Amino acid sequence: SAPPPKNGGRECEGKMLQAQSCNSEPCTKDVGTNTGCVNGMVLVTQADCQTGKVELCPPTCSQLSFPSNCTVACVVGCRCPYGLFLQEGGCVNASQCFCHWHGQTLQPGQTVSRDQCSTCVCRDGQISCDNSSCVATCWWSAWSSWSPCDVTCGLGLQQRYRSPVNPAVTQQPCLGDSLEARHCFGACSFGLTDGLWSKWTSWSECSKTCFHHVNDVGFRRRFRSCNHTLAAFNNETSTCVGDSEEQEPCNTVHCPVNGGWSAWSQWSKCSAKCDSGVQIRERFCNSPSPLHGGSKCPGPHIQTGDCNSHPCSGTCPQGMMYMTAAECEAQGGACPRVCLDMTVSEVQCATSCYDGCYCAPGFYLLNRSCVPLSQCPCYHQGQVYDANTTLPNDACNNCTCINGDMECGSSPCPVDCGWSSWTQWSACSRTCDVGVRR
């Protein structure tokens, strides 16, 4: 639950429950036996632990399923004899022990499917899984810190490392390198300081936050002053050797350039000589083009318009009907008119109502024919895709051409599960004769 698996992410690996024995003292001092224990159990004393006759903690079936939580020096009291395990108040062989699996209790010999490639079985109180047919994707660890520069003066190298962190199952080799290197530089001192200069001031703020031209970068400065009094005291000339000011380039990153539209091109040649044709014109996001993180041009880059809308033979062709401009206005206008108009993010319909041939309501022009919306192709990122075409959008979603517009999914990618902290131990299931807490 920290976090829970989502969107097809992997389940947590490991155990979700721990168990240990508790309240192992006899319920009575005499129940017809010499020990006071019942159900075939034997009494264990501190001396039995010290001499190594028994394990420190009582054997339980739960310990076969979960990691051992024995942290005491010796648990005295009633427990099952050697070779038997406590389960539901009685002593049983390991082959009769139940298994605990993701909140379920499995009977001996019961099998479960863990995933699409592995099967698990309850045997001797433990879950054993066969994952020999599983292939794991390799995962790298995080990069280590960079090593110190291998030289103290001049140009040197630094290195950092990473390693595969997959479980020991069949896996593909990790892609990429386990080592990276980069140059480093150490300033060299040649003993030229004459001791008369003050220390350099801190660097000033950079004069620019970014640059548009390589010859117009920002600079920062720092200063020092010459101690003339000290020079005179040492019978030296009062002029210090060197510069009192230094400057260096800074913020040497390009300024973002937002995109700007070019002028619209000329209208294309009409697609038909009569019976209602189509023409288009374009503009381009290159005045200027977006650079260095600048925003793209907003709005459509294609416009569609009508042309030669009069009938060829006095009547409109089959599938079309004649309307006046007034009738067109009464029905809400001429747009959208062609299939391309459905891609509203990239295409703008620039057709005004006219006297001429129109497709019937619910139909749109495509290659001089009227087709239903479901048959319209899609214009997406400069390409035309047939109806119902599917293509990947990102690592987790697809885009599908539906009713002339490319519909893209935006579901979040899967998040693998992570375990929360352990809860507090529950109350013991029995007040004596060995119980279990979880």
Side-chain angles (χ1 to χ4, degrees), residues 138-166 173-263 283-299 394-395 413:
C138 181
W139 297 95
W140 285 110
S141 68
W143 284 104
S144 67
S145 300
W146 286 104
S147 66
C149 194
D150 61 356
V151 298
T152 58
C153 171
L155 188 64
L157 283 176
Q158 288 178 290
Q159 294 179 326
R160 65 177 183 175
Y161 308 88
R162 62 179 178 175
S163 58
V165 293
N166 287 67
C174 280
L175 298 178
D177 299 321
S178 60
L179 179 146
E180 281 188 345
R182 69 179 183 184
H183 290 297
C184 52
F185 182 80
C188 300
S189 175
F190 298 102
L192 297 180
T193 302
D194 57 13
L196 301 180
W197 284 110
S198 67
K199 291 184 178 180
W200 287 104
T201 63
S202 299
W203 286 105
S204 68
E205 292 292 326
C206 193
S207 61
K208 296 184 179 181
T209 57
C210 57
F211 74 93
H212 291 282
H213 190 273
V214 69
N215 294 326
D216 192 27
V217 299
F219 284 91
R220 63 178 186 171
R221 293 174 172 83
R222 66 177 183 174
F223 306 89
R224 62 179 178 175
S225 59
C226 181
N227 191 329
H228 297 281
T229 303
L230 181 59
F233 180 79
N234 291 333
N235 295 320
E236 299 178 5
T237 59
S238 61
T239 302
C240 297
V241 178
D243 298 322
S244 61
E245 177 183 342
E246 282 187 345
Q247 68 176 20
E248 67 178 13
C250 53
N251 290 342
T252 54
V253 293
H254 289 278
C255 297
V257 178
N258 296 330
W261 286 116
S262 67
R283 60 179 179 175
F284 303 93
C285 189
N286 60 4
S287 298
S289 300
L291 294 172
H292 315 304
S295 60
K296 297 180 180 179
C297 297
D394 55 33
C413 289

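The shown structure was predicted, so the numbers you read here are calculated from the model rather than taken from an experiment.
- Not a single donor-acceptor pair under 3.5 Å links the side chain of Thr201 to the backbone N or O of Arg222.
- The local environment of CD in Glu246 is crowded, with over 12 non-hydrogen atoms from other residues, nucleotides or ligands closer than 6.0 Å.
- The shortest non-hydrogen separation linking Gly259 to Cys297 is C-SG, 3.3 Å.
- Between Ser141 and Tyr161, the closest side-chain pair of non-hydrogen atoms is not below 4.5 Å.
- The aromatic rings of Phe211 and His254 sit tilted relative to each other, their planes meeting at an angle between 30° and 60°.
- Remark: the Ser295 side chain and the Asn258 side chain contain an N/O donor-acceptor pair separated by less than 3.5 Å.
- Look at Glu248 and Arg220 and you find a salt bridge, because one of the NZ, NE, NH1 or NH2 atoms lies within 4.0 Å of a carboxylate O, short of that distance.
- Distance CD/Gln158 to CD/Glu180: 12.0 Å, rounded to 0.5 Å.
- Rounding to the nearest 0.5 Å places CH2 of Trp143 at 5.5 Å from CZ of Arg160.
- With rounding to the nearest 0.5 Å, the separation of OG in Ser178 from CH2 in Trp140 is 5.0 Å.
- Across all their heavy atoms, Gly299 and Arg283 have their closest contact at C-NH2, 4.2 Å.
- Using a distance-only test at 3.5 Å, with no hydrogens or angles considered, a donor-acceptor pair links the side chain of Lys208 to the main chain of Asp216.
- The minimum heavy-atom distance between Lys296 and Cys285, with the atom names listed, is C-SG, 4.4 Å.
- Summarising the geometry of Ser289 relative to Val257, their closest heavy-atom pair is O-CG1, 3.9 Å, with the distance given to 0.1 Å.
- A distance of 6.5 Å separates CZ in Arg221 from OG in Ser207, rounded to the nearest 0.5 Å.
- Side-chain atoms of Ser147 come within 3.5 Å of backbone atoms of Gln159 as a donor-acceptor pair (strictly under, hydrogens ignored).
- Ion pairing between Asp177 and Arg162 fails under the 4.0 Å rule for side-chain N and carboxylate O.
- Glu205 contributes atom CD, which lies 9.0 Å from atom CG of Asn251 (distance to the nearest 0.5 angstrom).
- The distance from the CZ atom of Phe223 to the OG atom of Ser204 is 6.5 Å, given to the nearest 0.5 Å.
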